[in-house]
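Keep in mind that the numbers below use all heavy atoms, side chains included, and drop hydrogens, waters and symmetry copies.
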Protein chains: 2
Amino acid sequence: MQDEAIVTVRSFSRSVTQRVGIFTDRFLGRDRPLAEARLIYEIGREGCDVRELRARLDLDSGYLSRLLRSLERQGLIEVVPQQTDRRIRRAGLTSAGYRELDELDHRGDEFAGALLAPLSAAQRERIVGAMQDVERLLNVAVTTIDLEHPASSDAQWCVEQYFKELDTRFEGGFDSEQSISADPQETMPPCGAFLVARLDSRAIGCGALKTLQPGLGSIKRMWVSRSARGLGIGRRILSALEDQALELGLEVVRLETNRSLEEAQALYRRHGYTEVTAFNDDPYADFWFEKRL
Amino acid sequence: MQDEAIVTVRSFSRSVTQRVGIFTDRFLGRDRPLAEARLIYEIGREGCDVRELRARLDLDSGYLSRLLRSLERQGLIEVVPQQTDRRIRRAGLTSAGYRELDELDHRGDEFAGALLAPLSAAQRERIVGAMQDVERLLNVAVTTIDLEHPASSDAQWCVEQYFKELDTRFEGGFDSEQSISADPQETMPPCGAFLVARLDSRAIGCGALKTLQPGLGSIKRMWVSRSARGLGIGRRILSALEDQALELGLEVVRLETNRSLEEAQALYRRHGYTEVTAFNDDPYADFWFEKRL
DNA sequence: ATCATTAGCTGACTAAAGTCAGGTAATGCA
DNA sequence: TGCATTACCTGACTTTAGTCAGCTAATGAT
């Protein structure tokens, strides 16, 4: 069973990289090195900071610099310093660059059309559905969940998104001041933990753990970005938080949640949490859960 | 609808090549150029003729030669002339080469395992199924159907396979001498056509057309390899033969088939062929079909 | 026996990809 | 103000990938 799955994954990898790789090479690379074409693609219509490009394409700083100079010489891009921090430089397409990107887009569409053309309508529908599944699940597979300093910019950003969402979903809005605290000190070792889920180094979810008293912990700040819901990321964050709790020597974890967050409630129940009577007076809490680890 | 399909295909291509490409590069390429690793893979445990390697990997003859010399110097392979034709040389792994391939295999398994690990059992099942679908349908999409000289080695091979299959499926076996002819001259322009379906330049199916009398043609030698059945290749060969028939100025095409070939019958009926009374005395025919183009 | 063809090899090249050790300007911090 | 850090750049390299022309040996056809 597991063996068969591995054989399938390997066979898939080989055949798809081969079949689709040909596209990337021949279609996208219109008499231009592949790296340059990819760079144009990655800069995109809105432009992109050089540091961001370096991170996304995982390129050596010197190499990227050279590629940018080459595209600049060809009149396809412009690289200008940011106003706020003039060390950071931002690459943007010129009008010639836009045309080039249009052309790349066009070729991509052509390739996709050529791929689908020989298939019957039913086969087309089927392959499209299967591709969506594979892509979605690959995204899940490469999503990482890591311990993070709760004051880091990504962690802060997640919490901000979380608060914003609560504010729109709770009937009377949400004010973090009125809610029970989860300060940086409380949610980092040795008292707690803060986890960030990332896809392609972009934060897409978080979860925090703090110690209430010896052996008893509390889970806070469980959030998954709208784009990543329904993929089991919440479940993985929750499991990872429980692992952290065990490492901190906690035996029981608690959490409270609002009636408007139905998915969260369902997740907790599925994951072995049982409803208990109110253990605090959080003004936004409607349900209280507990689990013995 | 079509637009959405194209967007899906493109998004799939980007994400899969990125995610899976990393594997190919980092896992397979163990401190060795990718081309060499692929070559070891392709030579495999049974070894492989150099010409075959050239065809499969689509490499320049000189380049391949150099790669082989490099692997030979590393003691991983041996290249020896064939006994029957000493121009043709066959590459095989040495025991060190075997170990290397084992290692590559192991890394591949590891990669696949790592990919599946974060997924739940249900997700794993789903991605494996979707991967199979995508792979199968991509194979369909890149299958080519081309006009071919009926005496070419691939065409002959297909006909041979076809006869073999008939011999096992017909109750009393099959003797091509007793069957109605379809000689090379009859199944090539200007009288007819011979089509070969190929996947990765390997023949996987065929079909022939010959002119019986002005305006009237006959379809013969419809065969699809067992490994490629159920993918609509037969349908595509049939359509392509009809296109050929139209180009040859034929208005009606006929064909006869045996009762044991149920899939074929079903295909003909689906494709607009209607059963008619026997128009010949082929000893193996049980059903006679006809279609006005 | 002669000659064309096939299979593979070698040498000489180019382009693309990637690495690494410095360098400079801008910024942040004590 | 001075100094460390950050963001990016340049120059000098290596490796990998790939192309092309011309060569040799084996084979097949006549």
Side-chain angles (χ1 to χ4, degrees), chain A residues 17-18 21-22 24-26 28-43 47-74 77-92 152-153, chain B residues 17-18 21-22 24-26 28-43 47-74 77-92 151-153 201:
Chain A
T17 46
Q18 203 219 337
I22 285 171
T24 319
D25 293 8
R26 296 285 120 78
L28 223 75
R30 59 175 309 216
D31 51 75
R32 165 184 325 289
L34 204 82
E36 286 187 14
R38 265 206 291 257
L39 198 46
I40 292 173
Y41 227 97
E42 210 61 50
I43 291 171
C48 185
D49 289 353
V50 171
R51 42 179 309 167
E52 177 77 15
L53 290 172
R54 204 159 43 224
R56 287 218 295 253
L57 295 171
D58 189 35
L59 291 175
D60 170 85
S61 156
Y63 184 28
L64 174 57
S65 199
R66 211 175 313 285
L67 287 171
L68 289 172
R69 287 306 81 67
S70 164
L71 290 177
E72 226 169 20
R73 247 180 287 114
Q74 294 170 61
I77 66 165
E78 266 180 339
V79 183
V80 293
Q82 265 198 2
Q83 298 92 321
T84 51
D85 183 342
R86 300 221 316 285
R87 288 171 303 180
I88 299 174
R89 314 226 303 152
R90 190 172 183 79
S152 76
S153 61
Chain B
T17 45
Q18 205 219 334
I22 284 171
T24 320
D25 293 8
R26 295 286 121 79
L28 222 74
R30 60 176 306 218
D31 51 75
R32 166 185 324 290
L34 205 83
E36 286 187 14
R38 265 206 292 257
L39 198 45
I40 291 172
Y41 227 97
E42 210 61 49
I43 290 170
C48 185
D49 289 352
V50 171
R51 42 181 307 168
E52 177 77 15
L53 290 173
R54 204 160 42 225
R56 287 218 294 251
L57 295 171
D58 189 35
L59 292 175
D60 171 85
S61 156
Y63 184 30
L64 174 58
S65 198
R66 212 174 313 283
L67 287 171
L68 289 172
R69 285 308 79 68
S70 162
L71 289 177
E72 226 168 21
R73 248 179 286 116
Q74 294 170 60
I77 65 165
E78 266 180 339
V79 183
V80 292
Q82 265 197 2
Q83 297 92 322
T84 51
D85 182 342
R86 300 219 318 284
R87 288 172 303 182
I88 299 174
R89 314 227 302 151
R90 191 172 182 80
S152 77
S153 62
S201 71

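Remark: A/Arg66 pairs with no residue by the side chain to side chain donor-acceptor pair (under 3.5 Å) rule, at least two apart or across chains. The side chain to side chain contact (heavy atoms under 4.5 Å, CB included) check on B/Ser70 picks up B/Glu36, B/Arg73, B/Gln74, with sequence neighbours excluded. Residues passing the side chain to side chain donor-acceptor pair (under 3.5 Å) test with A/Arg87, sequence neighbours excluded: A/Asp85. Evaluation of the side chain to side chain donor-acceptor pair (under 3.5 Å) rule for B/Arg90 yields B/Asp49 as partners, not counting sequence neighbours.
Contact check, A/Arg54 against D/dC8: a side-chain N or O comes under 4.0 Å of OP1 or OP2. Taking side-chain N and O atoms only, A/Arg69 has a distance below 4.0 Å to OP1 or OP2 of D/dT10.
In this structure, B/Gln82 CD and B/Ile88 CD1 are separated by 5.0 Å, a value rounded to the nearest 0.5 Å. Here the CD1 atom belonging to B/Ile43 is positioned 11.5 Å from the CD atom belonging to B/Glu78, to the nearest 0.5 angstrom. Note that the CG atom of B/Leu53 and the CZ atom of B/Arg38 stand 12.5 Å from one another [nearest 0.5 Å]. Here the CZ-CG distance, from A/Arg69 to A/Leu67, works out to 10.0 Å after rounding to the nearest 0.5 Å.
In this structure, B/Arg32 atom CZ and D/dT16 atom C1' are separated by 14 Å, rounded to whole Å. The nearest whole Å value for the distance from the CG atom in B/Leu39 to the P atom in D/dA17 is 11 Å. Atom-to-atom, CG of B/Leu64 to P of D/dT16 comes out at 17 Å; the value is rounded to the nearest Å. Atom CG in A/Leu68 sits about 10 Å away from atom C1' in D/dC9, given to the nearest Å. One interatomic measurement links the two molecules: CZ of A/Arg89 to P of C/dT24, which rounds to 16 Å at whole-angstrom precision. D/dC8 atom P lies 11 Å from atom CZ of A/Arg90, rounded to whole Å. Atom CG of A/Leu67 is separated from atom C1' of D/dC9 by 13 Å (rounded to the nearest Å). Rounded to whole Å, the distance from CG on B/Leu59 to P on D/dG18 is 7 Å.
Counting non-hydrogen atoms of other residues, nucleotides and ligands closer than 6.0 Å to CD of B/Glu72 gives a total above 12.
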**Message:** Pairs counted only when both distances fall under 3.5 Å, Watson-Crick or G-U: show me the 5' to 3' dot-bracket for DNA chain C, [ ] for pseudoknotted crossings and | for other-strand partners.
**Reply:** ||||||||||||||||||||||||||||||
**Request:** Going 5' to 3' through nucleotides 20-30 of chain D, assign each nucleotide B (protein heavy atom under 4.0 Å from a base atom), S (under 4.0 Å only from sugar-phosphate atoms) or - (no protein heavy atom that close).
**Result:** B-----BS---
